[in-house]
Undergrad: 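Below is the structure I would like to discuss, written out as structure tokens.
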Amino acid sequence: MCGILGIVGRQGLHVNQLLYDGLTVLQHRGQDAAGILTDFEGNFRLRKSNGLVSDVFFKRHMLRLQGNVGIGHVRYPTAGSSSRAEAQPFYVNSPYGIALAHNGNLTNADELFVTLRDEYMRHINTSSDSELLLNVLAVEIGQRTRALEIDGNPHLNVNTIFEAVTALHQQVRGGYACVAVISGYGLLAFRDPHGIRPLVYGMRERDGETEYIVSSESVAITALGFEIVRDVAPGEAIFISSSGHLFSQECAEKVPYSPCIFEHVYFARPDSVIDGISVYQARLNQGQRLAERLLESWPDHDIDVVIPIPDSGRIAALQMANALDLPYREGFVKNRYVGRTFIMPGQALREKSVRRKLNAIEHEFRGKNVLLVDDSIVRGTTSAQIIEMARDVGAAKVYFASAAPPVRHPNVYGIDMPAVDEFIANGKSIQEIGEVIGSDKLFYQTLEDLIEVTSKGHSSIDRFDSSCFDGVYITGDIDAAYLNKLDLARNDAAKHSSVDDEVIDLHNDEEN
């Protein structure tokens, strides 16, 4: 999962600080690398590297990132490696100069690579599918501008751009949300036809001029003082000229609107609204329904207290406590200077980080039957260690509840879940999972309930992408061979070997 951001400011206004501040708000979507690119007087200004936003950008970089149009990106890797060369945005020099930042994953990346190399002689410098996406866009814009000459010169207009995006949708498969800059022209944003990956835009008026922003989540829009306009529709492209004029067009045939439900389970910030759904309300609903199901199956429970696994389990836990008429207590203190264990490549790193990340408050556990609540269980490593911590500080019994169903299948649309044999739910019943993590009882949300309570009151969504729970891939192009290849790329051994701190990114002219 990654976070993307694009801003078109007033003429003469540098958007570097806005991009920086916006990326810090989106930092939860990726902690592996960060990048900002601006367009200033016909030249791209780029800074990107591995690390958090605060570690990548210094005053000397910000001073150079001039221009009223720019894009930003925070990354953790799905396709490609964790090397500095994979940091985004990427750019190409022809036609015009195009830069792109991408959230998602292309499922036909190998096919696109061969086509770009053999038919269009495009040089691909990394293993990132985002670079492939950029080059497909560049090819399509280039072909159409050369065919539309005025006074013997290639010509680019809004219709040409939308035609290029339409052609891109016809070639590219998977989940993707993108922001791109066309040097001297403006900002382009587009979303995959199913709307799997989120994208929303906003605007504000300053000194009689309109400024625009496009972001993965609405929270970056409101935090920067913009007003949300709406989500970018599935298959829609939006172009905002450097002078601040907005154009939009549907660029793909209608297919079922299928946003990723895992955004509402884990990834998105609770203060975001995605596809018209409040993430906070969705997580409250998930906790309410899970409590109702627990009471149905175990009306004479002996739970004394409900304790969340911070942070994403907190909202569901709060509502579970209310519905169960039980005390809600904070039993774990989180060290906020340790990165997300879900994102960290390599099982050994995850296992070492859990006890550095959380510390139990003994008073809240001693002699009590506690219900621990988390958003989901993926590998189960963290869950098992947290349950062990609760017992170490004196919990009498430890029950565990997951606001999401068992994760049994890989996500192919931009969430870097592990290889199938690393899922704790792989081949196990709920009782067996509970035994492995060491809980006295284990409760899971059903998929039917998750879908119902998350989409409550939002009829515009045809269905959710819930492939990590049910193995149904909505793009219809995923077979056993693809999943086997993905398995090899995502196991912990592969991730460990892909980390590269030595190779210098030739695209980045600001390494120091």
Side-chain angles (χ1 to χ4, degrees), residues 2-27 30-75 83-102 125-126 128 130-131 134 138 178-189 206 209 211-216 220 223-226 240-244 501 503-512:
C2 300
I4 60 174
L5 185 66
I7 297 176
V8 177
R10 304 188 305 275
Q11 292 290 327
L13 172 74
H14 300 313
V15 295
N16 48 6
Q17 189 65 51
L18 286 172
L19 288 166
Y20 178 95
D21 293 341
L23 289 182
T24 62
V25 176
L26 297 176
Q27 185 75 83
Q31 301 168 324
D32 183 71
I36 290 175
L37 178 142
T38 58
D39 186 21
F40 181 62
E41 297 180 348
N43 294 313
F44 284 153
R45 302 287 180 88
L46 172 64
R47 168 63 181 172
K48 60 178 182 176
S49 191
N50 280 5
L52 302 176
V53 174
S54 58
D55 297 328
V56 170
F57 301 100
F58 297 94
K59 183 177 180 180
R60 63 183 183 276
H61 306 128
M62 299 298 291
L63 290 173
R64 290 195 68 249
L65 291 169
Q66 299 168 292
N68 76 309
V69 179
I71 56 176
H73 188 267
V74 289
R75 179 200 72 176
S83 75
R84 190 167 55 190
E86 309 292 294
Q88 297 186 42
F90 289 113
Y91 72 88
V92 290
N93 293 317
S94 175
Y96 303 105
I98 304 174
L100 177 140
H102 163 222
N125 194 53
T126 72
S128 172
S130 305
E131 190 182 7
L134 169 60
C178 303
V179 288
V181 176
I182 304 174
S183 183
Y185 288 88
L187 176 75
L188 171 66
R206 287 289 188 275
E209 295 185 54
E211 299 174 328
Y212 291 95
I213 182 171
V214 185
S215 174
S216 292
L224 296 181
F226 289 75
I240 306 161
S241 69
S242 302
S243 57
D501 291 325
V503 178
I504 294 176
D505 178 7
L506 296 179
H507 284 274
N508 190 347
D509 63 355
E510 278 196 83
E511 294 302 334
N512 297 311

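Starting from 1, each residue takes its place in the sequence as its number. Any value given below was found using the heavy atoms of this structure, including those in side chains, with hydrogens, waters and symmetry copies removed.
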Undergrad: Anything under 30° is parallel, anything over 60° is perpendicular, the rest tilted; go ahead and classify Phe57 against His61.
TA: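 Rings of Phe57 and His61: perpendicular, over 60°.
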Undergrad: What distance do Ser242 atom OG and Tyr185 atom OH have between them, rounded to the nearest 0.5 Å?
TA: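 So the gap between those two atoms works out to 10.0 Å.
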Undergrad: Just by distance, do the side chain of Glu131 and the backbone of Asn125 share a donor-acceptor pair under 3.5 Å?
TA: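 Yes, because the side chain of Glu131 sits within donor-acceptor range (under 3.5 Å) of the backbone of Asn125.
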Undergrad: Return yes if some donor-acceptor pair links the side-chain N/O of Gln88 with the main-chain N/O of Arg75 below 3.5 Å, else return no.
TA: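 Answer holds: no.
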Undergrad: Please lay out, stage by stage, how Val69 and Val15 fare under the test side chain to side chain contact (heavy atoms under 4.5 Å, CB included).
TA: CA-CA 7 Å; Val69 179; Val15 295; 5.9 Å; no
Undergrad: Before giving the answer on side chain to side chain contact (heavy atoms under 4.5 Å, CB included), spell out for Asp39 and Phe44 the whole-Å C-alpha distance, their side-chain angles and the decisive distance to 0.1 Å.
TA: CA-CA 5 Å; Asp39 186 21; Phe44 284 153; 4.1 Å; yes
Undergrad: Testing the basics here: between Leu100 and Cys178, what is the closest heavy-atom pair and its distance to 0.1 Å?
TA: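 Distance-wise, the nearest heavy atoms are CD1-CB, 4.2 Å.
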Undergrad: Short question: side chain of Asn68, backbone of Gly9 - any donor-acceptor pair under 3.5 Å?
TA: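 The answer is yes, because a donor-acceptor pair under 3.5 Å joins these two groups.
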Undergrad: Without swapping roles, check the side chain of Lys48 against the backbone of Pro89 for a donor-acceptor pair under 3.5 Å.
TA: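 Yes.
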Undergrad: Do Gln66 and Arg45 have side-chain N/O donor and acceptor atoms under 3.5 Å apart?
TA: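 On atom types as modelled, these side chains qualify, holding a pair under 3.5 Å.
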Undergrad: For a quick test of reading the model, state the closest non-hydrogen atom pair linking Tyr212 to Gly244 and the distance between them.
TA: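 Answer, listing the atom of Tyr212 first, then Gly244: CE1-O, 3.4 Å.
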Undergrad: Going from CE on Met62 to CD1 on Ile36, what distance comes out if it is rounded to the nearest 0.5 angstrom?
TA: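 So the CE of Met62 and the CD1 of Ile36 are separated by 5.0 Å.
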Undergrad: Please report the interatomic distance CG(Leu23) to OG(Ser216), rounded to the nearest 0.5 Å.
TA: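 Rounded to the nearest 0.5 Å, the CG-OG separation comes to 9.5 Å.
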Undergrad: Quick check on side chain to side chain contact (heavy atoms under 4.5 Å, CB included): which of Leu224, Leu187, Val214 does Ile7 satisfy it with?
TA: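 Of Leu224, Leu187, Val214, side chain to side chain contact (heavy atoms under 4.5 Å, CB included) with Ile7 is met by Leu224 alone.
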Undergrad: Could you report the tightest heavy-atom contact between Glu86 and Thr126, atom names first, then the distance?
TA: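 Residues Glu86 and Thr126, closest heavy atoms: OE2-CB, 3.1 Å.
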Undergrad: About how many Å separate CG of Leu52 and CD of Gln27, when rounded to the nearest 0.5 Å?
TA: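 That separation rounds to 4.5 Å.
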Undergrad: Please round to the nearest 0.5 Å and tell me the distance separating atom CD of Glu211 and atom CD of Gln11.
TA: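 The CD atom of Gln11 is 10.5 Å from CD of Glu211, to the nearest 0.5 Å.
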Undergrad: List the atom of Ala101, the atom of Gly72, and the distance in Å for their closest heavy-atom pair.
TA: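 Nearest pair, atom of Ala101 first, then Gly72: CB-O, 4.0 Å.
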Undergrad: Write down the atom of Phe90, the atom of Ala85, and the distance for their closest heavy-atom approach.
TA: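 Taking Phe90 first and Ala85 second, the nearest heavy atoms are CE2-O, 3.6 Å.
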Undergrad: Can you tell me how far the CG atom of Leu26 sits from the CD1 atom of Ile4, to the nearest 0.5 Å?
TA: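 It comes to 9.0 Å.
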Undergrad: Give me each pair satisfying salt bridge (charged side-chain N to carboxylate O under 4.0 Å, His left out) with a member in residues 87-97, each pair once, sequence neighbours excluded.
TA: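 The answer is none; no pair qualifies.
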Undergrad: Leu19 vs Leu65, test: side chain to side chain contact (heavy atoms under 4.5 Å, CB included). Steps then yes/no.
TA: CA-CA 10 Å; Leu19 288 166; Leu65 291 169; over 6 Å; no
Undergrad: Restricting to non-hydrogen atoms, name the atom on Ala34 and the atom on Val56 that form the minimum distance, rounded to 0.1 Å.
TA: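 So the minimum-distance heavy-atom pair works out to O-CG1, 3.8 Å.
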Undergrad: Does the pair Ile213 and Leu5 meet the rule for a side chain to side chain contact (heavy atoms under 4.5 Å, CB included), with working shown?
TA: CA-CA 7 Å; Ile213 182 171; Leu5 185 66; 3.8 Å; yes
